[in-house]
Each structure stands twice: as structure tokens, then as C-alpha cells.
Amino acid sequence: MSAPVLDLSLVPPLGEPRPAVAPEVHQTTLPNGLRLVVVPRPGVPLVELRLRVPFAASAPRAAATHAARTALLASAVLLGTARHDQLEIAQLLQTHGGELSVSADADRLLFSTTMLPDGLGAVLDVLAELLTAPTYPAGPVDAERARVGERILIARSQPGVIARSALAARRFGAHPYAQQLPAAELVAAVTPAALRKLHRERVLPAGSTLVLVGDVDPAAAVDVVGTALAGWVAEGKAVGAAPVPTLAPAPLELVHRAGAVQSNVRLGGPAPGRTDPQLPALRLASMVFGGYFSSRLVENIRERRGYTYSPRSSVEHLMAGSSFTVEADVATGVTGPALLETVYELGRMALTPVTEAELDSARRYLLGTLALGTATHAGLASTLSALFGAGLSADWLAEHQQALAAVTVEEVTEASRRWLSPAGLTAVVVGDAEEVADQLRVLGPIEVTAPSVEPVPESLA
Amino acid sequence: MSYGAVRVVGVTAAGPDLTLRHPVERFTLDNGLRVVLAPDRSVPVVAVSVFYDVGMRSEPPGRTGFAHLFEHMMFQGSANVPKMEHARLVQAAGGTFNGSTHQDYTNYFQALPAEALERAIFLEADRMAAPAITEENLRNQIDVVKEEIRVNVLNRPYGAFPWLQLPEIAFESFANTHDGYGSFVDLESSTVDDATDFFSRYYAPSNAVLCIGGDLDPAETEVLVRRWFDPVPARPAPPAPVVGEPSPTTVRRGVVEDRLAPAPAVAIGWRVPDPVGDLDTYLGTVLLAELLSEGDASRLERRLLHTDRLAVAQSTYLGLFGDPFDVRDATLLVSQVHHPADVPVDRVLTAVHEEVDKVATDGVPADELARVTARTEAQLLQQADSVLGRTLGFASAELIHGRAELAGELAARLAAVTPDQVQAAARGLSPDTAAVLELRATGGAAR
């Protein structure tokens, strides 16, 4: 068949946009300093809970130990309280459809669960126990420590994790954000006493945010939370991460992974933060470059050349610094060509204007997916937790939408010049050096390194 | 029939009514396309999905991986839509899209602002009528699929374990045992004629379900559906696939060597009742899987991780991809355990079999089953909270079970499952008929 030509007269036009309903956000600060955000919304009869506790390392020197302790604390906090053991805690939550997960990143600890609406009081009572009276019992902590160590080993065998860790180390140097995964030998050294101390010093109501979204009555929720968490009182102020350093990009790092049938290409650099006026233009630039399927990078190295399955770029925010990142897992034999095309597309963004059509498409996509992402209890709860955790409010969503609507082609080029220039990005490739080093040297200097290997932690048996 | 603003009715664990009351309207076009409309106007979002009754289990010998490769071809443009334009027309409308290949079906879906409804209907109809199957597109997508397999299987530890390897020892027939991602030999030898034949045979309107959910008016939507899908020519549907096979009578064991993995793992697969023909019995198995494996209170999490400390992680699920309701017979309950190298695999197997046997012998306390049911219900509700998740649930229920409404009734059906049914389900998981696949970490990395 002959190649089709798009006949726009055939494509049904878009109808009138239907107004999105702005979330009804109730916020208050409890006497203990905890900020409470409640959003009732129609939909399924569930309540989503997110408790975000600031948990950054207090100093670069302590970052590695802090990361190890935090990784273990996140799973060990569920091992028991003064009143209930691990099994009883899990059963209490399960009765109401809940299952608490506790996760940690370089900025915060996050407690998350869903629940059936009649369980709100009971789930908050369990949460209060975990916050105020965790026991970190020695035997179960020993077992948990061994499991966390094994899981870190497994994670470190994933090429995507190796690549992310290498890029973070190269970009952030001595800053705590260089720690992607804690070292297994440091996890092996964490004691229950250290966990109790860390919990006492850092799991504080001041600076923390509790978000409840879904089938919940705001006034009743304030009462229930106020009662359940009244006993969570602690002196102390939340600690945030220090600003990230500005490091000059070093030569491309090639992390040798013998026998790899693909190369994991990563480029990364700084990006404007959530309140930076250049963020909307940079987000749009990232979309046009590689942020979605309709982008230049996907069209070039996937749909034209078949080098890769899922190339992408993204903008991510941590408290002390934001990042623009490019990722592509490419066939070993075309590692050099794939990097060449990626750099070409970055340079084109920085040096020549995008088209109005490209900009409009990216804009509508960002606005549309922002609406889709906040159209569920869980999506809205996670979004609000991140915004309030960053010191912003729900108003940021509407303001950001307005800002996206106003961005011009010139502003996209300006933002690309500043943030997407390949000369300003740090590059890492994980792959078989014997196969790809010569290809990559064509494009510039490289440094070949070996992946970090760790001693095996104590066994479980 | 009138449709006003529709909300999910209040549902709680204690409440008597556990049915999600989404009205479902259903009609069939002259060309055989089955259409399901599931309106819910609480958010201004629509989801448009097409499910074709062809999956990995439909592939003939020599064409392993073809259902998935063909899924990629459906994004290469169509009669009136050039390459890349499907993505652009959806994304520039503020929507998202994807497709996925399963054992028994292949689906394509969009989630978009409500005003883009007709555009999505147009795009799905255009490629149902005539996808752009060209040599250039086929060669390009074979390369892309090979990179997908390298990312997900060949270049990573535990790649596709156990879904690619367990069926080989758990089943007998080619339909059930072969590699659904496909061998590189089969993929590379695929031709345009193969693709055209596959399309002609399996992508007939009469072999598909169109399901649209979210912020829509059913009467207006029916007009749009007829406008764009009525012109798609009718073709006969292929005969219903035969994927059932006799239940195993012996234990089968296999080993997969993984040079990238730092620690071993094991998967145990048991045949379970027919998910469609014997749904009532199967529902007992669904809750058994949850009781065994979901969360810190579950039997296997307690035994393997906390009491005996044999494992790093465990999970038990139905179907190779973890959705109990989107597969036909023959299918499996799978327990997957990651354990340290110094724990012998037979200790893990013994512990798993003992926990299953406890349920089979002693039954399940009513309060434990009530907790498990509450948790399962919350997970079903969570999935139904997104317009897309809900729409895909209706569509797969229509295609696999013949009744979209089943998706809304599952919570109520599960709440009615008795302890005796769960006990009976456990009696079906005998150690003597299990398929056991060990993953051995052979690379010596970090060990």
C-alpha cells in the first residue's frame, strides 16, 4: 500500500473542553505542628493516605550512614510497637482494606496506604503507634537487615540501577544525592539502637504533611486525626538537604559490564525547580525532545532507526535540586550511533527553534496528563503530598497550568539552550567496554570504570 | 433508558451492597463488532479500548512472538493516518495511549480528555480497517521488539522469570508452552505476508470488543461508533481458540540458569480450575492466592520471611501476568520466591507446601478470610478509580467472560466466597502435580 497522507479534514476535531473540577483542598496545622490536608472527592469509596516526613541527611559526611539507616528504618518501623507486633499491625490494617508501605528517598520518608472509609480512625490509631511507640525489636530487626542487604544486592545487579547510580555519583559528587542505594556493608552495621535514635530525632510532626483524599468528610477528618495523632509530639525541626553543587561535566563515563547485549545510555544535568519561572518552558522542551512518544528522540532512534525500545527524557524534582535526564537502552552494536543521534537532537533543541505544532502538542499533552494524573484518589494524594512536601500548595497546579499555556517558541529555545545543551550534560554509559569503547571514543573522550562491587552481607541462615 | 450523572454507589466492607453500579450498555454492529459503553461522568475523561481475541496462545509453531510483534505493527499508521500520527493525534489532544499483548487477547487503548472522544474512535476504526503493514515498518519494529526483549529479558537478571520459562514445564501443548515474546529466529523471519494473513485472520471486527468508558453520553457515543466502525468490512471470526488441556498428574521440575542474577529464585505453578467455565470454584482460588501472599499478615510472608527466614521476597498470583480475570483455561496459580543462596531450594518448597497443606487440612478462620476479602475489595476499588482501569476491566470481562458486568460484580462475588471454598481450593494445590522451576544464579557476580 502507498504511504498514507494525513488528511486533516478527515480527523474529527476536538470538542469543547469540559471544565475540570478543581480539588476542594482543606488544610490545617495541628497543635503538634503536623500539617493536615484533606480533599473530599467523588469516585470509589476509598480513602488514600500519604504521610510525608522530611528525612534528608543532615551533612554530606553522614550521608552514607544515614542512607543505610533510613533504608532499614523504612521496613523495620512496621516490625512492632509497644502495643502490637508486626502481625497484629498488618491485620489491623488489612481489616480495613489497608496495607501500609513505607518508602524512603534522599529527601523524605513516606507512609502510604489506601483504606475503606470506615477504617480511617483505626488506621490512624495504628499510624500513631508506629510514629510514637515503635520498638525495633532486636530479633526481627536482624532478619529485616539481612533481607534489606539481599535486596540491595539484587537491585545492584540491574543495569538500570547501575546506570542511575553511576550518573548520580558523577553529577553530585560528595553531596548526599549521590547516594542512590545504600551500601550493603553499612546496612549490615545498623543496630536497633541506631534505628530508635534516628526515629526519635527525625520522625517529627513539625515539617511533616498528612494528606487524605477520597471518601472523607473534612471536618470529621480533622477531629479524627487530631485525636489519633495528639500524642505525636516531639521537639526538633525538620532537616533539609544542602544545595546541590555545580560540578563541571566530566568526560563520558563508560561503566564496563562484560557481555552486556545492550548499553544503558544516560545523560543528566540540572533543571529549574518547581518555582523557577523557566520550569514550564523547560518541561515543554523536554517533551518535544524526548518526553513522550510524539517526540523527536522517539521518532529518530526508535521509529526511524530501531536502535531502542523506550528512549525518554524527564524532569524530576528533589528538594535541593532538580534534574533533566535522558535515558535510552540501546543495542550494543549501535551504542555510538545512538549517542550521536541523541546528542544531535539535544543540540538541535538548543540551537534551532521548535515548530508551533510541536509546542502546541507538548503543551496539550502536559495539560491533559496533569488532569489524568490527578483524576484518581491515589494520583491526587501523591501529587499533593509532593507539592506540600516541597513547601507549595495545591494552587501550584493551577498556576503551573496557566504558565504552560503562555510559553512561546522563543522561551522553549532559551530554556533548551540553558538546560539541554549536550556540552552541559553529564553522560554515563553502562555496557560491554570491549564492544562499545571504540565507538564512543569517536564522539569524545571517555573514562572506563568497573561497576562497584560490594562484599556479601551476612547470610540469613 | 436514561443516563444521568452516574456515581459509584457507596460500598463498605460492612455494607450489604458490594456491586459497583456502573450501567453498561451493549450493542453489536452489522460487521460483528461488539460494543460496550460504560458511562461515568464524575471526571471529564474518557477511555477508548479495543480488545482483539488473539494472544500469545494463538501463535502457530514457527511464529512465536508474532501476536506481540503485530501489536507493534498496529502503531505504524493506517489507511488515513501516517506513521507517528496516531501518537501525535492522541497526545496532542492531551491523551495517553498504549497497547499490550496477553495470553488470550491483545488490547489497544487511549485515555483522553472527554472532548477527544471522536478522534480516538476514528483512530481505532482506521487501523481496524487497514493498518500500514509495509516491509519498512515491519523491519523497523522487529528491531524495536528485539530491543524490548533485550531490556526485559536478556540484559537483566531474573528477566521475565518465571512467565517465559515456567509454562514450558507446566503445560503440554504448543499454545501453552511456547515463548510468547518470541525467538529472534522467528521474529527475524517474519514477512509482510505473515502479517497480512495474521491481520486478516484475527483482526476481524467480529473478533473484537470496543469498550468506551467515562465521561460520555451513550446515545451520542453510539452515533459516533456507528459513524466510524460501520464502514469496517465484515470478515468471519476465526474459530474459538482451544487452549485448555488435561490437568497434570505428575510433578515436573526444571532449571533455568541466570548468569546475571546474584541470588537464586524458585517458582511453583499449579493448575487451577477453569476461570471461565468454573468461575465459582475459581473465586475460592483467587482468595487463596491473596490469603497466602498479600501483605505482612499473609501465610507465606509470615512463614518464609518472618518465622523461618528462608526468603527475601515472595508473591503468589493467578495467571502469568497477575490478573486472575483476564485468562482462560488452562492457567496457573504461581508462587514465586527469591531466597538467599545458602537456603536450599527444597527447604523453601517444603515450607510452601506445608502452608498450603495447613489451609487444605485445617481450613481458614472466618475472621482471617474477612480481612483478606476487605483487602481484595480495596484493591479492586483502587483499580476501578481510574477511568482507564475501569474500562479495561469491563473490556476484558466482556471478551473473556462474555459479560462486562462481571467486572463490577467481582467484589460482591468474592465477599460471598466461604472458608470451605478456600479450603477446597488449597486441596487442589498438591505437591504431586506442581511444576517447579528453579532459577540458579550461575554467573558468580558478587558471590
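Below, chain A is the first sequence line, B the second, and so on; all start at residue 1. No hydrogens, no waters, no symmetry mates; every other heavy atom, side chains included, goes into these values.
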Measuring heavy-atom distances to chain B, does A:Ala258 have an atom under 4.5 Å in its side chain, in its backbone, in both, or in neither? backbone
For A:Val330, is it the side chain, the backbone, both or neither that has a heavy atom under 4.5 Å from a heavy atom of chain B? backbone
For chain B, which candidate among A:Val261, A:Leu372, A:Thr114, A:Asn264 shows the most heavy-atom pairs at distances under 4.5 Å? A:Val261
Donor-acceptor side-chain pairing of A:Thr376 and B:Asp385 below 3.5 angstrom: no
Interface residue of largest heavy-atom contact number with chain B, from A:Gly214, A:Gly15, A:Pro12, under 4.5 Å: A:Pro12
The interface call for A:Arg305 against chain B, heavy-atom contacts under 4.5 Å, is backbone
Which atoms of B:Ala370 approach chain A - backbone, side chain, both or neither, heavy atom under 4.5 Å: neither
Distance-only, no hydrogens or angles: does the A:Thr308 side chain make a donor-acceptor pair with backbone N or O of A:Asp329 under 3.5 Å? yes
Where does B:Val90 contact chain A at under 4.5 Å (heavy atoms): side chain, backbone, both or neither? neither
Sequence neighbours excluded, which residues qualify as ring pair (Phe, Tyr, Trp, His ring centres under 6.0 Å) partners of B:Tyr181? B:His68, B:Trp163
Among residues 117-125 of chain B, residues within the sub-4.5 Å heavy-atom range of chain A, in order of number, are B:Glu118, B:Arg119, B:Phe122
Engaged part of B:Gln141 at the chain A interface, taking heavy atoms whose separation is under 4.5 Å: side chain
Can you tell me which of A:Gly259, A:Ser101, A:Ala331, A:Pro13 forms the most heavy-atom pairs within a distance under 4.5 Å of chain B? A:Ala331
Judged by modelled atom types alone, do B:Gln314 and B:His338 share a side-chain donor-acceptor pair under 3.5 Å? no
Honestly, the part of A:Arg363 sitting under 4.5 Å from a heavy atom of chain B is neither
Do A:Ser361 and A:Tyr292 have side-chain atoms, one donor and one acceptor, less than 3.5 Å apart? yes
Counting only heavy atoms from other residues, nucleotides and ligands, does the tally under 6.0 Å from CD of B:Glu136 exceed 12? no
Sort out for me which of A:Leu93, A:Ile154, A:Val298 touches chain B most, counting heavy-atom pairs under 4.5 Å. A:Ile154
Do A:Thr113 and A:Glu99 have side-chain N/O donor and acceptor atoms under 3.5 Å apart? no
Side-chain donor-acceptor pair present, A:Ser294, B:Gln91, cut-off under 3.5 Å: yes
Salt-bridged, A:Glu299 to B:Lys83, with N to O below 4.0 Å? no
Applying ring pair (Phe, Tyr, Trp, His ring centres under 6.0 Å), name anything that partners A:Tyr309, two or more places apart in sequence or on another chain. none
Using non-hydrogen atoms only, which part of B:Gln76 is less than 4.5 Å away from chain A: side chain, backbone, both, or neither? side chain
As an exercise: rank B:Val372, B:Asp215, B:Val43 by heavy-atom pairs under 4.5 Å with chain A and give me the winner. B:Asp215
When only pairs under 4.5 Å are counted, which of B:Thr96, B:Val45, B:Val387, B:Asn155 shares the most heavy-atom pairs with chain A? B:Asn155
Among A:Leu79, A:Leu87, A:Leu78, residue most engaged with chain B (heavy-atom pairs, under 4.5 Å): A:Leu87
Which bit of A:Glu144 comes within less than 4.5 Å of chain B, counting heavy atoms only: side chain, backbone, both or neither? side chain
Identify which part of A:Leu367 has an atom lying under 4.5 Å from any heavy atom of chain B, answering side chain, backbone, both or neither. neither
Validation row: B:Glu135, B:Arg139 side chains within 4.5 angstrom (heavy atoms): yes
Between B:Ile142 and chain A, which part of the residue has a heavy atom less than 4.5 Å away: side chain, backbone, both or neither? neither
Portion of A:Ala371 that has a non-hydrogen atom of chain B nearer than 4.5 angstrom: neither
Heavy atoms only, distances under 4.5 angstrom: which of A:Arg304, A:His96, A:Arg151 has the most pairs with chain B? Name it, please. A:Arg151
Please check if the distance between the ring centroids of A:Phe293 and B:Phe75 is under 6.0 Å. no
Can a donor-acceptor pair be found between the side chains of B:His72 and B:Glu148 at a distance below 3.5 Å? yes
Under 4.5 Å from any heavy atom of chain B, what part of A:Ser295 do you find: side chain, backbone, both or neither? backbone
Mind listing the closest non-hydrogen atom pair of A:Pro23 and A:Leu380 along with its distance? CB-CD2, 4.0 Å
Check whether the side chains of B:Glu368 and A:Gln91 place a donor and an acceptor atom closer than 3.5 Å, and report yes or no. no
Residues two or more places apart in sequence or in another chain: which of them pass salt bridge (Lys or Arg N to Asp or Glu O under 4.0 Å) with B:Asp308? B:Arg303
